[in-house]
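Take a look at the structure below.
Counting from 1, the numbers follow the sequence of the chain as shown. Atoms within each ligand, like the ligands themselves, are counted from 1 in listed order. The shown structure was predicted, so the numbers you read here are calculated from the model rather than taken from an experiment.
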Amino acid sequence: MSDQFTAQDYQFMQRALDLAAKGVYTTTPNPAVGCVLVKNGEIVGEGFHFKAGQPHAERVALAQAGENAKGATAYVTLEPCSHYGRTPPCALGLIEAGVGKVIAAMQDPNPQVAGKGLKMIAEAGIESAVNLLSDSTEKLNKGFLKRMRKGTPLIQLKLAMSLDGRTAMASGESKWITGVASRADVQKMRAKSSALLSTSATVLADNPSLNVRWEDFPNDLKKEYVKEKVRQPVRVILDSQHRIQPSHKLFETDAPVWLVSSEARDLANFPDFCEQIILPKENLLSELMVELGKRQINSLWIEAGKNLAGSLIEQKLVDELILYIAPKLLGEKARGLCSLPLTQLSDAPLWQLDEIQQIGDDIKLLYTPKGS
Ligand SMILES: NC(=O)c1ccc[n+]([C@@H]2O[C@H](COP(=O)([O-])OP(=O)(O)OC[C@H]3O[C@@H](n4cnc5c(N)ncnc54)[C@H](OP(=O)(O)O)[C@@H]3O)[C@@H](O)[C@H]2O)c1
Ligand SMILES: [Zn+2]
């Protein structure tokens with residue numbers, strides 16, 4: 001614990017983080033942010049950002065506090081914004097409400113904000129502090145923060161496999177290797193993602209919907225999200241040979257589908273929500289990530305087969321390797337996890353284990369590239 005902050009500061013910032021977390025399924029392309037206003041040790045207003053176009057966390061908390069905001073301490077999980085976006089700057093809102101102090105969990109790396117929000121607050125003669133529980137807010141907004149810092153989305157490669165690293169029988173039979181609980185977890189991971197990436201090979205083999213089935217969510221989440229008709233992630237499909245057809249199940253969900261190839265095709269028979277991204281063949285995957293960053297995709301969840309998995313790993317594009325491991329052995333004839341052109345052990349890409357979780361009978365592992 002740093003001397004700069006009291007135990008109470010930690011407690012209220014944790015509350016702000018818990019509130020922020022309620023927005024993780026919905027705020028993209030914006031970050032998930034929470035705010036708590038505290039006066040004489042009591043919370044007088046609190047709120048979180050629900051989705052783009054709706055009020056920011058600070059505005060929700062200020063509205064709730066009314067006159068009580070005067071002299072209060074504002075705990076915000078990200079530096080208050082300083083620019084006129086869809087809403088006027090929150091830094092100004094806090095100043096006008098007469099808060100006595102602002103504590104931000106971290107500075108906002110968004111070039112439009114980056115220190116300017118806290119500067120505005122300081123210039124108005126209001127005390128401020130930064131870097132309280134910043135690790136937690138980093139974790140909550142890792143997609144948004146990666147896009148702001150690097151211009152590309154957080155790239156999460158999901159693979160489901162047996163104990164011996166197999167993904168399907170030799171025949172291609174793969175339904176289901178992992179259990180019901182893992183598949184429900186995948187639904188949640190999809191729901192948190194700005195976009196999903198797959199390939200024509202996977203679509204032709206499995207005809208997946210690649211959507212989020214909100215109706216199947218636990219009741220506490222479902223209420224809010226089904227009522228608000230929250231977003232479906234964008235489906236991005238690599239389709240260099242134009243093999244995707246309007247009859248594929250992808251098109252049964254009314255949410256964007258972006259078909260990626262190097263040559264344009266006629267989309268007249270496709271629904272309006274289908275567009276194409278045309279990119280040169282060379283460096284297609286890395287160029288795609290830049291393009292998705294420009295399109296405000298914070299995080300990209302990848303569900304594909306061993307070829308795309310191998311290409312992404314080889315090109316060092318993967319930020320997180322997420323493995324669901326089922327307690328089954330499929331034997332050496334079954335299909336492998338990723339194609340990598342390796343001949344010696346010393347060339348094997350190395351990973352660092354960051355999280356481990358039991359899900360039903362399966363294990364979920366989260367790895368990041370070693371040395372990143
Ligand atoms: N275990 C799992 O978690 C999991 C998840 C999903 C799917 N699957 C299984 O995976 C199987 C399909 O696997 P697969 O290996 O045949 O195909 P895949 O890896 O899904 O897709 C291969 C395709 O990806 C694109 N691609 C790969 N590398 C590329 C690069 N460097 N640049 C540009 N595009 C690139 C190309 O698409 P285009 O040629 O179309 O442009 C290529 O044909 C299915 O049977 C499915 O069931 C398993
Ligand atoms: Zn704001």
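Nearest protein heavy-atom neighbour of atom 12 (C) of ligand 1: T202 OG1, 3.6 Å. Remark: minimum distance from atom 17 (O) of ligand 1 to any protein heavy atom is reached at A201 CB, 3.3 Å. For atom 14 (P) of ligand 1, the nearest protein heavy atom (residue, atom name, distance) is N307 ND2, 3.6 Å. The protein non-hydrogen atom at the shortest distance from atom 44 (C) of ligand 1 is A205 CB, 3.7 Å. Protein heavy atom in closest approach to atom 29 (C) of ligand 1: S311 OG, 3.6 Å. The single protein non-hydrogen atom nearest to atom 10 (O) of ligand 1 is G305 CA, 3.1 Å, given as residue, atom name and distance. Here the heavy atom of the protein found nearest to atom 47 (O) of ligand 1 is D206 OD2, 2.7 Å. In terms of protein heavy-atom proximity, atom 33 (C) of ligand 1 is closest to L284 CD2, 3.8 Å.
For S240, heavy-atom contacts with ligand 1 shorter than 4.0 Å involve the backbone as well as the side chain. Heavy atoms of A160 found under 4.0 angstrom from ligand 1 belong to the backbone as well as the side chain. Contacts between K306 and ligand 1 below 4.0 angstrom, taking non-hydrogen atoms only, involve backbone and side chain alike. Contacts with ligand 1 closer than 4.0 Å are made by side-chain heavy atoms of L285 only, the backbone lying farther away.
Of all the atoms in ligand 1, the ones that sit under 4.0 Å from a non-hydrogen atom of Q315 are 31 (N). Ligand-side atoms of ligand 1 in range of L159: 3 (O), range being under 4.0 angstrom from any heavy atom. Close approach of ligand 1 to Q241 is summarised as follows: ligand atoms under 4.0 Å from at least one heavy atom of the residue are 39 (O).
Residue nearest to atom 6 (C) of ligand 1, selected from S200, A304, S339: A304 (by heavy-atom distance). Among T178, L259, L238, the residue whose heavy atom lies closest to atom 35 (C) of ligand 1 is L238. Nearest to atom 20 (O) of ligand 1 by heavy atom, out of L308, T199, T167, is T199.
At least one donor-acceptor pair closer than 3.5 Å links the side chain of T137 to the backbone N or O of T77. Between the side chain of E79 and the backbone N or O of K116, at least one donor-acceptor pair lies under 3.5 Å. Judged purely by atom type and a 3.5 angstrom limit, S198 uses its side chain to pair as donor or acceptor with the backbone of E303. Of the possible polar contacts, none joining the R243 side chain to the L204 backbone as a donor-acceptor pair under 3.5 Å is found.
Heavy-atom separations between K281 and ligand 1 are all 4.0 Å or longer. Using a 4.0 angstrom heavy-atom cutoff, M161 does not count as in contact with ligand 1.
Annotation: E138, atom CD; neighbour count of heavy atoms from other residues, nucleotides and ligands within 6.0 Å is above 12. Within 6.0 Å of atom CG in D272, 12 or fewer heavy atoms from other residues, nucleotides or ligands are found, so the atom counts as exposed in its surroundings.
Each of P31, P153, P109, P29 was evaluated against R147; a single residue qualifies, P29, per the side-chain contact (heavy atoms from CB on, under 4.5 Å) test. Applying ring pair (Phe, Tyr, Trp, His ring centres under 6.0 Å) to Y75 and the options F12, F5, Y10 leaves one that passes, F12.
At a threshold of 4.5 Å between non-hydrogen side-chain atoms, the residues E46 and R15 count as touching.
Residue N283 holds its CG atom at 12.0 Å from CE of M289, rounded to the nearest 0.5 Å.
A salt bridge links D239 with R265: the closest approach of a Lys/Arg side-chain nitrogen to an acidic carboxylate oxygen falls below 4.0 angstrom. Note on K146 versus E320: no salt bridge recorded, every NZ/NE/NH1/NH2 to OD/OE distance being 4.0 Å or above.
The nearest protein heavy atom to atom 2 (C) of ligand 1 is closer than 4.0 Å.
Distances from the Zn ion (ligand 2) to the N/O/S atoms of H56 are shortest for ND1.
If you check the side chains of N298 and S194, you find no donor sitting under 3.5 Å from an acceptor.
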